[in-house]
Amino acid sequence: MARPPAHGSVIVPEWHETTEGKEYLACILRKSRRRVFGLLERPVLPPPVAIDTASYKIFVSGKSGVGKTALVAKLAGLEVPVVHHETTGIQTTVVFWPAKLQASNRVIMFRFEFWDCGESALKKFDHMLLACKENTDAFLFLFSFTDRASFEDLPGQLARVAGEAPGVVRMVIGSKFDQYMHTDVPERDLTAFLLAWQLPLLRVKSVPGRRLADGRTLDGRAGLADTAHVLNGLAEQLWHQDQVAAGLLPTSAENTPS
């Protein structure tokens with residue numbers, strides 16, 4: 001497994017805020033709303049700015065109630081359910097995200113296909129976990145800052161889900177980070193976990209998405225700004241892992257002094 005790249009070493013972090021970046025983002029927006037894409041759909045760019053697409057399957061794992069479905073909804077620009085209902089069966093969601101590579105200045109359209117399955121269904125039907133893991137490029141392991149048990153369950157999740165997939169990207173996301181007054185996971189415990197597992201960690205808030213002037217419609221541009229760090233983080237880890245797998249970058253073992 002390749003060592004995770006340093007933040008900003010693969011993807012230009014704030015490129016989506018530049019004039020050039022906003023031109024590319026326009027293809028995943030309809031006016032100020034996010035466009036929703038089906039499994040066989042893709043954004044349409046003018047011929048002069050046609051770019052390559054990198055597609056990845058991502059399995060979202062975590063205890064019931066940590067916010068897996070809510071996270072995917074936020075990333076896709078969809079409404080987050082007000083009341084928690086455990087996902088029955090497997091739910092797939094496609095998210096497109098353009099990003100610029102540091103090394104070459106190329107713009108790549110990343111296609112993320114998120115797979116989300118309820119914890120009860122995974123435990124009851126063995127074939128569902130196998131389907132979610134099959135040909136997966138990344139595992140996202142979620143815990144909630146307000147649920148200590150979900151944090152303590154991470155090692156078990158990592159072993160059960162990703163134990164036999166050494167070449168797959170693994171990332172940890174802490175949800176409900178904005179509820180720091182009620183956190184059950186102190187920073188010292190996070191630091192100890194990261195030192196032990198050497199995995200990238202991202203934090204997300206649980207605040208409702210910002211609205212347009214009508215007070216009802218989600219603001220697509222604001223939603224992208226709120227989730228850009230997660231989408232860029234995924235793009236960075238996945239692109240780096242592909243470069244290592246292709247032999248274009250050394251593995252962590254090759255970087256280790258003898």
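Throughout, residue positions are numbered sequentially from 1 according to the sequence presented.
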Say you draw a straight line from [atom1] of [X] to [atom2] of [Y]; how long is it, rounded to the nearest 0.5 Å?
X      : Y      : atom1 : atom2 : result
Asp153 : Ser61  : CG    : OG    : 8.0 Å
Met109 : Ile51  : CE    : CD1   : 4.5 Å
Leu29  : Lys22  : CG    : NZ    : 11.5 Å
Tyr56  : Phe110 : OH    : CZ    : 5.5 Å
Trp115 : Cys132 : CH2   : SG    : 6.0 Å
Glu14  : Lys100 : CD    : NZ    : 14.0 Å

Joint cluster assignment, [X] & [Y], ILVMFWY side-chain distance < 4.5 Å:
X      : Y      : value
Val169 : Leu101 : yes
Val12  : Val230 : yes
Val80  : Ile173 : no
Phe139 : Leu194 : yes
Trp239 : Leu202 : yes

Compare every heavy atom of [Y] with every heavy atom of [X], then report the nearest pair and how far apart it is.
X      : Y      : answer
Leu39  : Val94  : CD2-CG2, 3.6 Å
Met171 : Pro200 : CG-CG, 3.7 Å
Val66  : Ser150 : CG1-CB, 3.5 Å
Val185 : Thr183 : N-OG1, 3.1 Å
Lys176 : Phe145 : O-CB, 3.9 Å
His240 : Leu249 : CD2-CD1, 3.6 Å

So, the side chain of [X] versus the backbone of [Y]: is there a donor-acceptor pair under 3.5 Å, distance only?
X      : Y      : answer
Asp178 : Ser206 : yes
Gln241 : Val168 : no
Lys133 : Val161 : yes
Gln237 : Arg170 : no
Arg34  : Leu75  : yes
Gln102 : Ser9   : no
Thr18  : Gly21  : yes
Arg210 : Ala222 : yes
Arg35  : Ile28  : no
Asp52  : Ile108 : no

Next item on the list: Could you tell me whether Arg203 and Glu187 make a salt bridge, using a distance below 4.0 angstrom between a side-chain N and a carboxylate O?
Entry: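 Salt bridge between Arg203 and Glu187, a charged N being under 4.0 Å from a carboxylate O: yes.
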
Next item on the list: Before accepting this row, confirm whether a basic side-chain N of the pair Arg211/Glu79 lies closer than 4.0 Å to the acidic partner's carboxylate O.
Entry: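 A salt bridge links Arg211 with Glu79.
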
Note to self: If you apply the rule side chain to side chain contact (heavy atoms under 4.5 Å, CB included), what do you find for Phe112 with Leu238, and how did you get there?
What the structure shows: CA-CA 10 Å; Phe112 301 129; Leu238 287 161; 3.8 Å; yes

A quick test of your reading: do over 12 heavy atoms of other residues, nucleotides or ligands sit less than 6.0 Å from [atom1] of [X]?
X      : atom1 : answer
His229 : NE2   : yes
Arg160 : CZ    : yes
Arg148 : CZ    : yes

Next item on the list: For the pair Arg33 and Leu218, evaluate side chain to side chain contact (heavy atoms under 4.5 Å, CB included) and give the outcome as yes or no after the intermediate values.
Entry: CA-CA 7 Å; Arg33 305 178 183 183; Leu218 285 171; over 6 Å; no

Item checked: Chi angles and distances behind the side chain to side chain contact (heavy atoms under 4.5 Å, CB included) call for His16, Asn232 -> CA-CA 10 Å; His16 60 282; Asn232 273 335; 3.9 Å; yes

So, do [X] and [Y] sit near enough that their side-chain heavy atoms are less than 4.5 Å apart?
X      : Y      : answer
Phe114 : Leu234 : yes
Asp184 : Phe151 : no
Cys27  : Val44  : no

Next item on the list: Begin with the C-alpha distance, continue with both residues' side-chain angles, and end with the deciding distance and a verdict on side chain to side chain contact (heavy atoms under 4.5 Å, CB included) for Arg42 and Thr53.
Entry: CA-CA 10 Å; Arg42 57 172 297 158; Thr53 298; 2.8 Å; yes

Notebook entry, point to check: Just by distance, with hydrogens left out, do Ser32 and Asp219 show a side-chain donor and acceptor under 3.5 Å apart?
Noted result: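 There is no such pair between these side chains.
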
